[in-house]
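Below is one structure, written out as structure tokens; the observations come after it.
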Protein chains: 2
Amino acid sequence: MGKCEQCMVRQLNSIKELSKDELIRISHCKTMKIIKKGEVIFNEGDYINGVFCIKSGICKVSKMSENGRDQIIHLIKRGDLLGQRSLISDEVANLKATAVNDMEVCFIPKQEILKDLHKNPNFSMSVLKNMANSLKDTDNIVVNMAQKSVRQRLASSLLYLEENFGVNKDGGVNINLTREDIANIIGTATESTIRLLSEFKKKDYIKLVKKEIVILNRNELKSIEVFT
Amino acid sequence: MGKCEQCMVRQLNSIKELSKDELIRISHCKTMKIIKKGEVIFNEGDYINGVFCIKSGICKVSKMSENGRDQIIHLIKRGDLLGQRSLISDEVANLKATAVNDMEVCFIPKQEILKDLHKNPNFSMSVLKNMANSLKDTDNIVVNMAQKSVRQRLASSLLYLEENFGVNKDGGVNINLTREDIANIIGTATESTIRLLSEFKKKDYIKLVKKEIVILNRNELKSIEVFT
DNA sequence: CGATTGCTTGACCCCCATCAATCCTCGTGG
DNA sequence: CCACGAGGATTGATGGGGGTCAAGCAATCG
């Protein structure tokens, strides 16, 4: 079993604030898991007894709306912590987490994290900052959802995905999302997303390489993002 | 100048976790302000050097979208803290806060709060919990914005407003919002909001007493909230 | 009592949700 | 190796929700 002290991923999140001793303690009680593409890590209403530290892979965090469609709210990747919110509120999960590709994650039990939150102010400040940033991001998402058209949101999301997940050798946005997933990010029907993608393609803002999206004209997409 | 130790409002937020000594220190450096209806407390991009503790009154917290409309994201009332997020991230404000009616607020300078956040784990845990709850609420707002129709969101908002701000002697929802404000909460054009209100009125789900909204049929609104 | 701000209604039309049909692609088992 | 089935991608047709512009009315305020 790998040791947290030697794991580079911890540098990417609040765990970097833990002392050597605290890290060793965590290392002894954590468990590593492999999660297959499509697998559900936790569901709305589940009691998650800890947090997940993502070593590799990507997962989508979503919530089922009453009308039956799943809205994707976050995309979580290497270095992120998953499940912090529920842990701190001491509530069941409000959201569902599903692996977008194969993942390696470490599960750290709740009591350990809580102990450190109480005893290590640097750690708790770091978690607090992290949460504050999420809150800001989410506030901004609300504004976009409420005020922007589907076309604007799609342009915006494409740029976001490329920026955060990079591109592969073909230049394609390097995240394995279906059209339906993309539709669930921007909050629209799958067909609308597809139609807009084909419009963007026709105008040479993007091209499609085997369903993968290659962004050709960032500037044009940026201008769509702010208007029409 | 009032003393925090004697102020009942502190029981309503994280400040209740402070020790007597800490409270006295805060009490000496805080400043009380009266804010008039319509006045802007801070604007997007302002550097807020502390947090506001709301003694009375209500303010709307909003963000201007690139298309020029203001989206209201939170409504803050007695007992709430305003400006926590920016303080913790150590960034300029992402949002704008405007008084909906006359307010009394206390301003607590940043350094004092930060000092307590580092030294008092109960306080920082309380702030953390508070932030976690906001995050959950905001996640849910995203889902509603993305997936629900304007009619659903209006029904939902009316119920929310009544529940959180109560009713006055006429039975009217006890918060002084214009139609435009309501439209900016649900993220739609003012005219659409008005049209839906008049539809609800026609169906006797609500009545209007001098522009104030009196809710007559909660069950019907609840069923609208989940479907159509 | 003007004048500004908020409220209301009408007309118009476009964006996008929905339903339906077809095509594509990839994994599985025979 | 191929057939086949299932899930994903795509395109078309259609209708309604809601945005926008415009005009008139009500109310609030200096």
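All chains are named by letter (A, B, ...) in the order of the sequence lines, taking the proteins before the strands, and each is independently numbered beginning at 1.
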Is [X] near enough to [N] that one of its side-chain N or O atoms lies under 4.0 angstrom from OP1 or OP2?
X        : N      : value
B:Ser192 : D:dG17 : no
A:Thr190 : D:dA9  : no
B:Thr188 : D:dG18 : no
B:Arg179 : C:dT9  : no
B:Thr178 : C:dG6  : no
B:Arg151 : D:dG16 : no

Euclidean distance, atom [atom1] of residue [X] to atom [atom2] of [N] [Å, nearest integer]:
X        : N      : atom1 : atom2 : value
A:Arg195 : C:dC15 : CZ    : P     : 13 Å
B:Gln71  : D:dG19 : CD    : P     : 11 Å
B:Glu191 : C:dT9  : CD    : P     : 12 Å
B:Ile194 : D:dC25 : CD1   : P     : 16 Å
A:Arg69  : C:dC16 : CZ    : C1'   : 11 Å
A:Asn67  : C:dA17 : CG    : P     : 11 Å
B:Glu180 : C:dC7  : CD    : C1'   : 11 Å
A:Glu212 : C:dC26 : CD    : P     : 11 Å

* Check: B:Glu225/B:Ser156 side-chain N/O donor and acceptor closer than 3.5 Å -> yes
* To do: Please determine, by modelled atom types, if B:Asn67 and A:Lys148 share a side-chain donor-acceptor pair under 3.5 angstrom.
  => no
* Are A:Lys30 and A:Phe107 in a cation-pi contact, defined as NZ or CZ under 6.0 Å from the six-membered ring centre and within 45° of the axis? -> no
* **cation_pi(B:Lys96, B:Phe42) dist<6.0 Å, angle<=45** => no
* Structure fact -> By nearest-heavy-atom nucleotide on DNA chain C, the more 5' of A:Leu196 and B:Lys211 is B:Lys211
* To do: Check whether any side-chain heavy atom of A:Asn101 lies under 4.5 Å from a side-chain heavy atom of A:Met103, and answer yes or no.
  => yes
* With nearest nucleotides of DNA chain D determined for B:Lys37 and B:Ser149 from heavy-atom distances, which residue corresponds to the more 5′ nucleotide? -> B:Ser149
* Structure fact -> Among the nucleotides D:dG18, C:dT18, C:dC16, whichever has the atom closest to the side chain of A:Val150 is C:dC16
